[in-house]
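Worth knowing before you read on, the calculation uses all heavy atoms, side chains too, and leaves out hydrogens, waters and symmetry mates. Everything numeric here is computed off the predicted structure, so don't read it as measured data.
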Amino acid sequence: MSALTVDPGPGHGQDWDDLVRIWEETDAPEGCKVEIIEGIVTVSPPPSKDHNTTAALLQRRLYAVIPEDWEIYQTLGVSVPGRTGLYIPDLVVLPRAVASGPGNRVPAEEVRLVVEITSPANANHDRIGKAHGYAKAGIELFLLLDPCHTGRPTATLYGEPSDGTYRVLEAVEYGETLTLPKPFGLELDTGAFPVS
């Protein structure tokens, strides 16, 4: 199943408020992810069991190294400046105080780490559109876990965002160790992640 693009219909244009309204009102099937990616409302199918297992394994490892006043979220919206994106990362790490209170999204500038795990339905969104949006927003670290990568599954850590582009800090094939820098200081064994 591939991502479905939701057209706002005639007369609505691509005004940001209209996009957010469509995003909020989209009645997608349970478990589906509704996002605004590059100015388009998209609906992705529920993630696979292997996808969820990867997120759970990484989340367990991250809890061992994050500060006590930080949390890890799996269904929290991240507002990207420039009115082109409202993403729901597979994992987002940020101070708990930022995610407290009413609403269902946080500003990108508060995020400390964002993680996307590719699925056949969303791989290009994660690799290209969302990577650009996260870099443009200035999110310090973006970890792309790509079990759908042609050839062998890979894990790529991006950082040092500038003008909508990240620098690759480290890229490994699954089975190798990837290092998340301070404040995480985590040696991540990517061999623990399932490969479909």
Side-chain angles (χ1 to χ4, degrees), residues 1-7 14 16 19-20 22-24 26 28 31-48 50-52 54-55 58-59 62 72-94 98-99 104-150 153-172 178 180 188 190 193 196:
M1 184 182 242
S2 62
L4 168 70
T5 301
V6 179
D7 186 349
Q14 289 300 314
W16 178 250
L19 286 173
V20 172
I22 292 166
W23 176 78
E24 291 173 337
T26 297
C32 288
K33 189 186 310 189
V34 180
E35 299 175 286
I36 302 172
I37 302 173
E38 296 181 321
I40 299 170
V41 177
T42 64
V43 179
S44 299
S48 70
D50 282 348
H51 185 283
N52 282 312
T54 298
L58 178 56
Q59 187 165 342
L62 286 169
I72 304 165
Y73 300 93
Q74 289 191 27
T75 58
L76 186 62
V78 175
S79 297
V80 176
R83 297 185 168 209
T84 59
L86 206 158
Y87 307 153
I88 301 175
D90 292 311
L91 293 176
V92 60
V93 181
L94 71 160
V98 175
N104 52 11
R105 55 191 186 262
V106 297
E109 63 266 16
E110 299 292 343
V111 173
R112 301 299 179 256
L113 169 70
V114 66
V115 179
E116 294 289 355
I117 304 162
T118 64
S119 298
N122 70 4
N124 284 333
H125 283 310
D126 291 346
R127 294 176 189 141
I128 301 166
K130 291 173 92 174
H132 174 71
Y134 291 140
K136 190 171 184 166
I139 293 176
E140 297 168 33
L141 294 172
F142 168 40
L143 177 59
L144 178 65
L145 299 176
D146 196 351
C148 299
H149 188 271
T150 304
T154 60
T156 306
L157 179 64
Y158 297 94
E160 301 176 16
S162 176
D163 297 322
T165 304
Y166 276 118
R167 185 169 86 74
V168 174
L169 301 180
E170 189 173 1
V172 300
L178 182 136
L180 288 177
L188 184 62
T190 61
F193 301 141
S196 298

I need the minimum non-hydrogen distance between Leu178 and Ala155, along with the two atoms involved.
CD1-O, 3.6 Å
For residues Tyr166 and Ile139, report the shortest heavy-atom separation together with the two atoms involved.
OH-O, 2.7 Å
Nearest-0.5 Å distance, CG of residue Leu86 to CG of residue Asn104
7.5 Å
Which heavy atom of Ser119 sits nearest a heavy atom of His51, and at what distance?
OG-CD2, 3.2 Å
Just so I know, are the side chains of Thr156 and Glu170 near enough to count as touching, which here means a heavy-atom distance under 4.5 Å?
no
What residues, two or more places apart in sequence or in another chain, satisfy ring pair (Phe, Tyr, Trp, His ring centres under 6.0 Å) together with Tyr73?
none
Mind checking whether Tyr87 and Tyr134 have ring centres under 6.0 Å apart?
yes
Run the side chain to side chain contact (heavy atoms under 4.5 Å, CB included) test on Tyr158 and Leu169 for me, step by step, so that the C-alpha distance in whole Å, both residues' side-chain angles and the decisive distance to 0.1 Å come before the verdict.
CA-CA 5 Å; Tyr158 297 94; Leu169 301 180; 6.0 Å; no
List in chain and number order the residues that pass side-chain contact (heavy atoms from CB on, under 4.5 Å) with His149, two or more places apart in sequence or in another chain; answer none if no residue qualifies.
Asp146, Thr154
Rounded to the nearest 0.5 Å, what separates atom CG in Leu113 from atom CG in Leu58?
7.5 Å
So do the side chains of Leu94 and Val78 get within less than 4.5 Å of each other, counting heavy atoms only?
no
Pairwise distance CD(Gln59) to OG1(Thr54) - rounded to 0.5 angstrom
12.5 Å
Might you work through the side chain to side chain contact (heavy atoms under 4.5 Å, CB included) test for Leu157 and Leu188, ending with a clear yes or no?
CA-CA 11 Å; Leu157 179 64; Leu188 184 62; over 6 Å; no
Can you find a pair of side-chain heavy atoms, one from Thr118 and one from Pro147, that are under 4.5 Å apart?
yes
Test Leu145 against Glu116 for side chain to side chain contact (heavy atoms under 4.5 Å, CB included), laying out the working first.
CA-CA 6 Å; Leu145 299 176; Glu116 294 289 355; over 6 Å; no
Can you give me the closest heavy-atom contact between Asp90 and Ile117, atom names plus distance?
OD2-N, 2.6 Å
Here the pair of heavy atoms bringing Arg127 nearest to Leu144 is CG-CD2, 3.9 Å
For a quick test of reading the model, state the closest non-hydrogen atom pair linking Pro161 to Ala135 and the distance between them.
CB-O, 3.4 Å
